[in-house]
2 protein chains.
Amino acid sequence: MRKPLSADMFDELCPSSLNPIRFGDKWAALVIRCLESGPRRYSELRVPLSRVTPKVLTQSLRSLERDGLIKRTVHTDTTPRVEYELTPLGHSLLEPMAVACAWTEQHWDELLDARESYDNATRLHQTG
Amino acid sequence: MRKPLSADMFDELCPSSLNPIRFGDKWAALVIRCLESGPRRYSELRVPLSRVTPKVLTQSLRSLERDGLIKRTVHTDTTPRVEYELTPLGHSLLEPMAVACAWTEQHWDELLDARESYDNATRLHQTG
DNA sequence: GGCCGTGGTTACCAACCGGATACCGGTTAT
DNA sequence: ATAACCGGTATCCGGTTGGTAACCACGGCC
């Protein structure tokens, strides 16, 4: 719950752009997964999402907020900080995400194979 | 099964670009739904997808074929024709799609409301 | 006063996606 | 012969997405 997010949470892995199933924009799904275990500060999110520049992370967060999937709270007590957390609506998205994730894990190899043979076939068709 | 696809299959409806959950490119999910009931010819697909230009439809079909989700068959017997049909892999995608679709139907209003109030709030913040 | 950390913003830019329009090569029907 | 149909291509183009780099307002702290 209050465990910090590890920097290699999405290491190497997560070629989300290759996945035919997408939730929101490019990084939205990863953001949501980061918030699964409770509210997080902007700087906390930046740790596992180090490949995402602040601008793009903010874009993603704003977009999720706009859709009512996450809630942004500015705390002014003691030290000023901003926390992001899943709304009930955002939480409800975890189910279809899990199903999609299961499908991807199950068929990932098949998908890559299909692409490779398709690309090989079309390349042959072009050059020879 | 052999019923023709109706032209208003996706009429009015299906602002898929607003849906946070997406399968493949802009039209892929609709193409898949068209193929649910069996193989279809290119010209058959163009009926419900009349808003999609031939180039874009071809792009979508190629992309789905590349991922091994659909199979393209050129028939040379009697009358030449091209048929597209779901592969087993493509068929397996129907389950996560159904889950995603259920989520969207269930939360669509909530989503639109969230956007509207967010946009109103930010607009107020800008002008006033 | 100067510096640091937080949570961003701004300006600029390249790539990609999707769309409009026009055209095309082969086959069948007339 | 020629016209229509089928299954696309070719070309161009504008809008959006995502990325880089630089900057910034605010408060706390030394």
Side-chain angles (χ1 to χ4, degrees), chain A residues 4-5 10 14-20 22-31 34-35 39-67 70-85 122 125-126, chain B residues 4-5 10 14-20 22-31 34-35 39-67 70-85 122 125-126:
Chain A
L5 300 170
F10 303 122
C14 292
S16 58
S17 60
L18 302 178
N19 192 335
R22 275 188 51 174
F23 291 79
D25 62 21
K26 186 169 179 182
W27 304 106
L30 302 189
V31 170
C34 289
L35 298 179
R40 297 290 182 183
R41 301 178 57 174
Y42 184 82
S43 46
E44 279 183 287
L45 294 174
R46 295 219 56 199
V47 175
L49 300 171
S50 59
R51 289 178 304 172
V52 187
T53 61
K55 192 200 79 167
V56 174
L57 179 56
T58 299
Q59 275 180 0
S60 216
L61 289 166
R62 288 295 187 287
S63 167
L64 287 167
E65 191 194 357
R66 176 172 183 253
D67 283 355
I70 66 175
K71 183 160 154 282
R72 178 178 184 270
T73 313
V74 181
H75 297 271
T76 50
D77 55 333
T78 69
T79 168
R81 66 213 151 83
V82 179
E83 276 192 338
Y84 296 92
E85 62 185 318
T122 53
H125 209 264
Q126 277 171 10
Chain B
L5 300 170
F10 303 121
C14 291
S16 59
S17 61
L18 302 179
N19 193 337
R22 276 190 49 176
F23 292 79
D25 62 22
K26 186 168 179 183
W27 304 106
L30 302 189
V31 170
C34 288
L35 298 178
R40 297 290 182 182
R41 301 178 59 171
Y42 185 82
S43 45
E44 278 183 287
L45 294 174
R46 293 218 59 200
V47 174
L49 300 171
S50 59
R51 288 177 305 173
V52 185
T53 60
K55 191 200 81 168
V56 174
L57 179 55
T58 300
Q59 276 179 359
S60 215
L61 289 167
R62 289 294 189 285
S63 168
L64 288 166
E65 190 192 359
R66 177 172 182 253
D67 284 353
I70 66 175
K71 183 160 155 280
R72 177 178 184 272
T73 312
V74 180
H75 297 271
T76 50
D77 56 332
T78 69
T79 167
R81 67 215 150 86
V82 179
E83 277 192 337
Y84 296 93
E85 61 186 318
T122 54
H125 208 263
Q126 278 171 8

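Just so it is clear: chains get the letters A, B, ... in the order the sequence lines come, proteins before strands, and each one is counted from 1.
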With respect to the side chain of [X], which nucleotide from [options] is positioned closest?
X	options	value
B:Thr58	D:dT9, C:dG19, C:dG8	D:dT9
A:Asp25	C:dG19, C:dT6, D:dG18	D:dG18
A:Lys26	D:dG19, C:dG7, D:dG8	D:dG19
A:Lys55	C:dT28, C:dA20, D:dG19	D:dG19
B:Arg72	C:dG8, D:dG7, C:dG18	D:dG7

Remember a base hit wins even if backbone is also touched, and classify B:Ser43 as base, sugar-phosphate or nothing at under 4.0 Å, heavy atoms.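 Here B:Ser43 touches the backbone only, sparing every base.
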
Regarding B:Val56, tell me which of base, sugar-phosphate or nothing describes its non-hydrogen contacts under 4.0 Å with the strands shown.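 Answer is base: heavy atoms of B:Val56 come under 4.0 Å of a base.
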
Side-chain contact, heavy-atom cut-off 4.5 Å: [X] with [Y]?
X	Y	result
A:Glu85	A:Thr73	yes
B:Leu35	B:Tyr84	yes
A:Leu57	A:Arg46	yes

Spacing of [X] atom [atom1] relative to [N] atom [atom2], expressed in whole Å:
X	N	atom1	atom2	answer
B:Leu49	C:dG19	CG	C1'	15 Å
A:Leu57	D:dT17	CG	P	16 Å
A:Leu61	C:dT9	CG	C1'	14 Å
B:Arg51	C:dG18	CZ	P	14 Å
B:Asp77	D:dC6	CG	C1'	15 Å
A:His75	D:dC26	NE2	C1'	18 Å
B:Leu45	D:dG8	CG	P	10 Å
B:Arg40	D:dG7	CZ	C1'	18 Å

Does C:dG8 have OP1 or OP2 under 4.0 Å away from a side-chain N or O of A:Tyr84?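 Yes, within the criterion.
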
Would you say D:dC6 has OP1 or OP2 under 4.0 Å from some side-chain N or O of B:Arg41?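 The answer is no; no side-chain N or O of B:Arg41 sits under 4.0 Å from OP1 or OP2.
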
Is the backbone of B:Val56 close enough, under 3.5 Å, to the side chain of B:Ser60 for a donor and an acceptor to pair up by distance?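 Answer holds: no.
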
For A:Pro54, is there any backbone N or O sitting under 3.5 Å from a side-chain donor or acceptor partner on A:Thr58?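 Here the side-chain-to-backbone pair exists.
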
Earlier contact from the 5' end, DNA chain D, for A:Pro54 and B:Arg62: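 Going by which nucleotide is closer to the 5' end, it is B:Arg62.
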
Whichever of A:Gln59 and B:Arg81 has its nearest DNA chain D nucleotide further upstream toward 5':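 Result of the comparison: B:Arg81.
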
